[in-house]
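For reference, the structure is listed below as structure tokens.
Chain A is the first sequence line, chain B the second, and so forth, proteins listed ahead of strands; every chain is numbered from 1.
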Amino acid sequence: MTEQHNQKHPAPSPSTPEHEDLNVLMVRRREELENLKSVGINPYAYEFDRTHFSTDVVSAFKDDEPQRIVAVSGRITSIRRMGKASFCHIQDSKGKIQLYLKKEGLAAYDAFKQMDIGDIIGVKGYVFRTKMGEVSIHARELTLLAKSLRPLPVVKEKVDEQGNKVIYDPFSDKELRYRQRYVDLIVNQDVREVFVKRARMVSTIRKFLDERGYLEVETPVLQPIYGGASARPFKSHHNALDVDLYLRIADELYLKRLIVGGYDGVYEISKDFRNEGMDKTHNPEFTMLELYVAYKDYRWMMELTEQMVYDLALAVNGTPLASLGGNEINFTPPWKRISMFEVIHEFTGKDLRGKNEQELRAIAKELHVEVEPSFGTGAVIDEIFSEKAEPHLIQPTFVTDYPVEMSPLAKKHRTEAGLVERFEGIVNGHEICNAFSELNDPLDQRARFEDQMSLRARGDEEAQVLDEDYLRALEYGMPPTAGLGIGIDRLTMLLTNKDSIRDVIFFPQMKPEK
RNA sequence: GGGCGUGUAGCUCAGGGGUAGAGCAUCUGCCUUUUAAGCAGAGGGUCGAUGGUUCGAGACCAUCCACGCUCACCA
């Protein structure tokens with residue numbers, strides 16, 4: 001606050017945040033806070049003995065049983081005052097329940113007049129059904145647990161004649177919702193549910209992999225050499241060692257070192273960081289599952305993947321079906337398998353097999369696919385696939401056998417020259433996972449790294465960096481290994497029918513306020 | 001980064017040169033089974049910021065800021 005500003009306004013009271021003026025609603029709530037204190041009420045209580053959750057009270061209620069006494073707690077979300085009696089709803093982690101507060105027989109009724117939407121209270125009373133039919137709690141005791149000093153957006157809802165829930169003036173400003181996610185979570189019930197589903201998904205992944213004997217591990221976030229993916233990193237610095245460190249862009253090379261070390265299967269669910277643009281499907285930090293299993297190949301990994309995603313769909317939605325943008329998706333295994341050349345042929349009528357770069361460029365032009373001059377054959381093929389085939393793959397599909405130039409960590413195909421044993425799982429036109437038979441030939445790996453380094457020398461900032469220690473590990477011998485990466489955020493989007501990554505990350509990256 | 005939009009009360013939004021608006025929320029009064037409770041009244045705004053045009057700007061112009069959608073790049 002500037003000096004000039006101070007002259008225009010009275011000096012703030014000690015309880016006033018210095019960075020903003022209080023509007024009348026906030027002033028009023030501070031007055032109520034003082035009023036409550038002055039009658040001996042602690043507006044910030046220490047505990048409350050809850051006996052039931054809101055929805056459990058409602059579902060357990062039977063009209064012909066004797067009255068039950070329950071204690072519930074939660075945030076007031078609506079109030080209807082009628083003089084000597086009032087109704088309000090409170091919301092706890094499971095849902096809402098209506099309270100009936102009557103002056104007669106409720107000592108705290110006057111104090112309740114100083115309470116607002118947003119305040120957190122505890123209530124003890126008996127369960128009954130109102131004339132209008134709603135199961136409610138008739139309050140006998142009321143305790144203020146936390147006074148709210150900021151007005152909450154008030155969202156009203158109503159059930160119409162068809163039984164549909166109608167919401168009036170939903171709290172919908174995306175910037176406010178993401179910046180103040182706590183408000184979003186309070187007010188928008190469905191937002192809370194998305195993150196419950198996300199948590200259930202992750203715990204199901206752990207259960208699935210633990211049951212099969214794979215070891216959950218942790219590998220460095222701060223890495224002297226970043227690797228395992230093609231992306232630009234965030235850079236940091238360690239003062240004591242006086243070395244630059246990078247935030248990891250993938251876990252891959254460390255996890256495969258652990259396979260060299262003798263574990264049969266390792267996985268990590270971790271944050272990766274990529275210093276790139278942000279949009280509906282990209283956040284600078286995101287969550288990735290990576291899994292490596294010794295003595296297996298990519299064909300085996302397809303079976304594991306489709307089974308795991310099927311289990312996740314069941315755990316999250318109770319069904320292998322998902323409705324996405326008007327498409328009905330069925331995750332039931334087995335998923336379709338088709339090679340990249342085949343699927344391109346299917347959607348364009350063109351056979352790209354064995355074509356050289358000039359021929360591929362001619363085909364791209366004919367298909368109206370734009371390709372950069374810097375693209376090699378692999379990149380041209382990939383671009384044609386992304387433009388002409390991928391968007392049409394709605395049902396879960398494994399696209400297999402990618403050009404070797406695009407996949408410096410994948411093992412060469414056992415029968416197809418120029419390709420690697422790699423697959424991506426495509427659902428609803430989007431990639432959900434990436435996997436390969438891992439390259440375990442240290443001499444081939446060194447050659448691939450060197451190819452990447454020459455790309456880097458030509459200015460490709462995303463080309464991968466040669467990792468001498470990783471090569472040393474491979475030289476000791478890594479068993480044949482199948483590896484898988486799944487973007488947890490994007491899988492969550494798929495299973496919760498959200499089209500923005502910001503809706504499945506609690507605190508998506510934003511520009512700083514002000 | 002380009003294109004298109006948006007920014008007005010705590011929330012959701014109207015208004016497009018001449019007194020700053022609505023619904024909900026808030027406050028006052030009435031109301032002891034209401035439920036988008038109701039009825040009557042009231043308060044609440046540097047109309048994103050800064051310049052400019054004009055007798056007069058929330059509106060028109062310029063610049064900036066923030067956000068959204070979209071295209072390009074990337075998981």
- Out of B/A36, B/G10, B/U32, which has the shortest distance to the side chain of A/Pro151? B/G10
- Item | Whole-Å gap separating C1' (B/C74) and CG (A/Asn275) | 11 Å
- Item | Exceeds 12 heavy-atom contacts within 6.0 angstrom, atom CZ of A/Arg129 | yes
- Ignoring backbone atoms, establish whether A/Arg179 has a side-chain N or O less than 4.0 Å from OP1 or OP2 of B/C67. yes
- Counting any heavy atom closer than 4.0 Å, what does A/Glu104 reach on the DNA or RNA strands: base, sugar-phosphate only, or nothing? base
- Query: From B/C67, B/C73, B/G68, pick the nucleotide closest to the side chain of A/Asp279?
  - Reply: B/C73
- Message: What is the separation between atom CZ on A/Arg232 and atom C1' on B/C74, rounded to the nearest whole Å?
- Response: 10 Å
- Can a donor-acceptor pair under 3.5 Å be found between the side-chain atoms of A/Glu134 and the base atoms of B/U33? no
- Tell me what A/His138 touches on the nucleic acid: a base, only sugar-phosphate, or nothing, going by heavy atoms under 4.0 Å. nothing
- Check every strand shown and say whether A/Phe171 touches a base, only sugar-phosphate, or nothing at a heavy-atom separation below 4.0 Å. sugar-phosphate
- Identified pairing partner of B/U54, criterion: Watson-Crick or G-U wobble below 3.5 Å: none
- Looking for any heavy atom pair under 4.0 Å, which part of the strands does A/Asp499 touch: base, sugar-phosphate only, or nothing? nothing
- Is any N or O donor-acceptor pair between the side chain of A/Thr130 and the base of B/U34 shorter than 3.5 Å? yes
- Options B/U26, B/U32, B/G68, nucleotide nearest the side-chain atoms of A/Lys84: B/U32
- Query: Could you state the CZ-C1' distance from A/Arg81 to B/C30, rounded to the nearest angstrom?
  - Reply: 15 Å
- Task: Would you indicate what A/Ser78 reaches in the nucleic acid, counting non-hydrogen atoms under 4.0 angstrom: base, sugar-phosphate, or nothing?
- Result: nothing
- Would you say the ring centroid of A/Phe506 lies under 6.0 angstrom from that of A/Phe195? yes
- Query: Can A/Lys165 and A/Asp160 be counted as an ion pair, charged N to O under 4.0 angstrom?
  - Reply: no
- Task: Ignoring backbone atoms, establish whether A/Asn23 has a side-chain N or O less than 4.0 Å from OP1 or OP2 of B/G44.
- Result: no
- Between atom CG in A/Asp116 and atom P in B/C24, what is the gap in whole Å? 17 Å
- Go through B/A36, B/U12, B/U35 for me and flag the one nearest to the A/Lys158 side chain. B/A36
- Query: Whole Å only: how far is the CG atom of A/Asp169 from the P atom of B/A36?
  - Reply: 15 Å
- Message: Suppose you measure atom C1' in B/C24 against the same atom in B/G18; what distance do you get, rounded to whole Å?
- Response: 31 Å
- Item | Whole-Å gap separating P (B/G38) and CD1 (A/Ile79) | 14 Å
- Could you give the distance separating B/C60 and B/G15 at their P atoms, to the nearest angstrom? 12 Å
- Lys/Arg-Asp/Glu bridge criterion (N-O < 4.0 Å) met for A/Asp451, A/Arg448: no
- Query: Do any side-chain nitrogens or oxygens of A/Lys511 fall under 4.0 Å of OP1 or OP2 in B/C67?
  - Reply: yes
- Message: Is it true that, when you exclude A/Glu65 itself, more than 12 heavy atoms of the residues, nucleotides or ligands shown sit nearer than 6.0 Å to its CD?
- Response: yes
- Among B/G44, B/C31, B/C11, the one nearest A/Leu176 by side-chain distance: B/C11
- Can you tell me if the side-chain N/O atoms of A/Lys103 get under 4.0 Å from OP1 or OP2 in B/U32? no
- Got a salt bridge between A/Asp503 and A/Arg177, using NZ or NE/NH1/NH2 to carboxylate O under 4.0 Å? yes
